[in-house]
Amino acid sequence: MAYETLIVEIEDYVALIRLNRPDALNALNSTLLSELSEALKAADADNSVRCIIITGSEKAFAAGADIKEMSEKSFVDMFMSDFFAAESDAIVRTRKPIIAAVSGYALGGGCELAMACDFIIASETAKFGQPEINLGVVAGIGGTQRLTRFVGKSKSMDMHLTGRFMDAAEAERSGLVSRVVPVKDLLTEARKAAAKIAEKSGLTTMAVKEAVNRSYETTLREGILFERRLFHALFATEDQKEGMAAFLEKRQPQFRDR
Ligand SMILES: CC(C)=CC(=O)SCCNC(=O)CCNC(=O)[C@H](O)C(C)(C)COP(=O)(O)OP(=O)(O)OC[C@H]1O[C@@H](n2cnc3c(N)ncnc32)[C@H](O)[C@@H]1OP(=O)(O)O
């Protein structure tokens, strides 16, 4: 399918979704976000895809929601359209793993999009920020909630209240990103991570996502119980038998998502 603001390539079980509004630093307008939702739904439903990468350009992952598009909207416009709710839900509803490969600016909605992915691999030039305060608004796609869970209250308040940017080294130290790589290696490293994930049982990767994401939404006791039940349930799958048999027989497992 052809998109106006995205380039989507599927190769070796990985769907690479590249945000593509070069003249606006990949600012997230409604076309881009609805195309991204569609692309994620299509990748989730496509049996030839086992992992998804979302990336931008070297200069910008995404410099936030499109300020030109938003500037004249009224409260009624925003409220009645439930601005960006459906689009951000589409990311969270995606059951296959999503890696954000971030280079350059990931600001406002761009930072929120990256945080809604399952993990972030950043290039050395990545800059994260929630500068909405400079525009007279607050984050609107989960920034106050997710950033606080990732980096803690003090740093999150600092970022949201001052609007300052965090570089890649600070983002890695703070737990916002899983690793930092040279710019030239960003996509190679993201593809390597995706290829590793693609080798696993798709059933089990979905279970991992559900369990880790549950840790943000429930108490420790409930989360551990959820994990234990999921662990028990996976003993009803062929992939558990195959994974353990392969280990004992000293061979690579052949998972069938069953
Ligand atoms: C999700 C919710 C609820 C809210 C948001 O996300 S609000 C947006 C938060 N993001 C920002 O406030 C960042 C805005 N952008 C910047 O501060 C700067 O563009 C920069 C620091 C990222 C880069 O500065 P630089 O001087 O290198 O580049 P520019 O000349 O400023 O930008 C190039 C080109 O892109 C357009 N641009 C950049 N960001 C956005 C944006 N968020 N929305 C719309 N357009 C954007 C910028 O206007 C310029 O276009 P023109 O050449 O046509 O002016």
Side-chain angles (χ1 to χ4, degrees), residues 3-7 17-37 39-40 54-94 98 100-117 120 122-151 155-171 176-177 183 186:
Y3 297 100
E4 209 180 303
T5 58
L6 302 180
I7 298 169
I17 302 178
R18 195 189 290 272
L19 311 181
N20 187 39
R21 292 191 69 212
D23 51 342
L25 301 181
N26 293 329
L28 307 170
N29 65 5
S30 30
T31 307
L32 188 153
L33 280 172
S34 78
E35 289 186 351
L36 180 59
S37 307
L40 288 171
I54 302 180
T55 195
S57 66
E58 201 171 309
K59 179 151 188 201
F61 178 72
D66 190 319
I67 300 166
K68 283 178 202 141
E69 187 181 69
M70 284 187 300
S71 63
E72 294 303 321
K73 292 211 186 279
S74 66
F75 164 74
V76 174
D77 296 332
M78 299 300 265
F79 184 78
M80 294 306 280
S81 65
D82 210 359
F83 203 70
F84 291 161
E87 293 85 349
S88 53
D89 284 355
I91 302 161
V92 174
R93 275 200 308 270
T94 304
I98 313 178
V102 175
S103 199
Y105 297 110
L107 305 178
C111 185
E112 293 168 298
L113 168 59
M115 290 191 291
C117 295
I120 304 174
S123 86
E124 287 161 346
T125 65
K127 288 176 204 66
F128 298 88
Q130 296 289 165
E132 289 90 341
I133 195 154
N134 299 329
L135 303 168
V137 288
V138 299
I141 322 182
T144 57
Q145 306 304 300
R146 287 203 177 91
L147 189 64
T148 308
R149 282 164 167 79
F150 289 139
V151 305
K155 205 175 271 287
S156 176
M157 280 287 192
D158 176 4
M159 305 282 294
H160 284 282
L161 289 174
T162 67
R164 79 173 176 88
F165 300 165
M166 190 191 271
D167 67 17
E170 184 181 2
L176 176 58
V177 310
V183 184
L186 179 66

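In listed order, ligands and their atoms are each counted from 1. Throughout, residue positions are numbered sequentially from 1 according to the sequence presented.
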Q: I'd like the contact residues of ligand 1, where contact means a heavy atom below 4.0 Å.
A: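 Around ligand 1, where the cutoff is 4.0 Å for heavy atoms, the contacting residues are D23, A24, L25, A27, K59, A63, G64, A65, D66, I67, K68, M70, Y105, L107, G108, G109, E112, P131, E132, L135, G140, I141.
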
Q: Apply salt bridge (charged side-chain N to carboxylate O under 4.0 Å, His left out) to E124 and list each qualifying residue two or more places apart in sequence or on a separate chain.
A: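 In terms of salt bridge (charged side-chain N to carboxylate O under 4.0 Å, His left out), with neighbours along the sequence ignored, E124 is linked to no residue.
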
Q: Who passes side-chain contact (heavy atoms from CB on, under 4.5 Å) against A63, sequence neighbours left out?
A: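 side-chain contact (heavy atoms from CB on, under 4.5 Å) check on A63 returns L25.
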
Q: Among T5, D66, N26, exactly one meets side-chain hydrogen bond (donor to acceptor under 3.5 Å, both in side chains) together with R21. Which residue is that?
A: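 Exactly one candidate clears the test, D66.
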
Q: Side-chain polar contacts of residues 136-148 - donor-acceptor pairs under 3.5 angstrom, sequence neighbours left out - could you list them?
A:
from, atom 1, to, atom 2, distance (Å)
T148, OG1, T144, O, 2.4
T148, OG1, S156, OG, 2.8

Q: Is the shortest side-chain heavy-atom distance between L28 and L33 below 4.5 Å?
A: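 L28 vs L33: side chains touch.
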
Q: Between E58 and T125, do the side chains contain a donor N or O and an acceptor N or O under 3.5 Å apart?
A: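 Side-chain D/A pair, T125 to E58: absent.
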
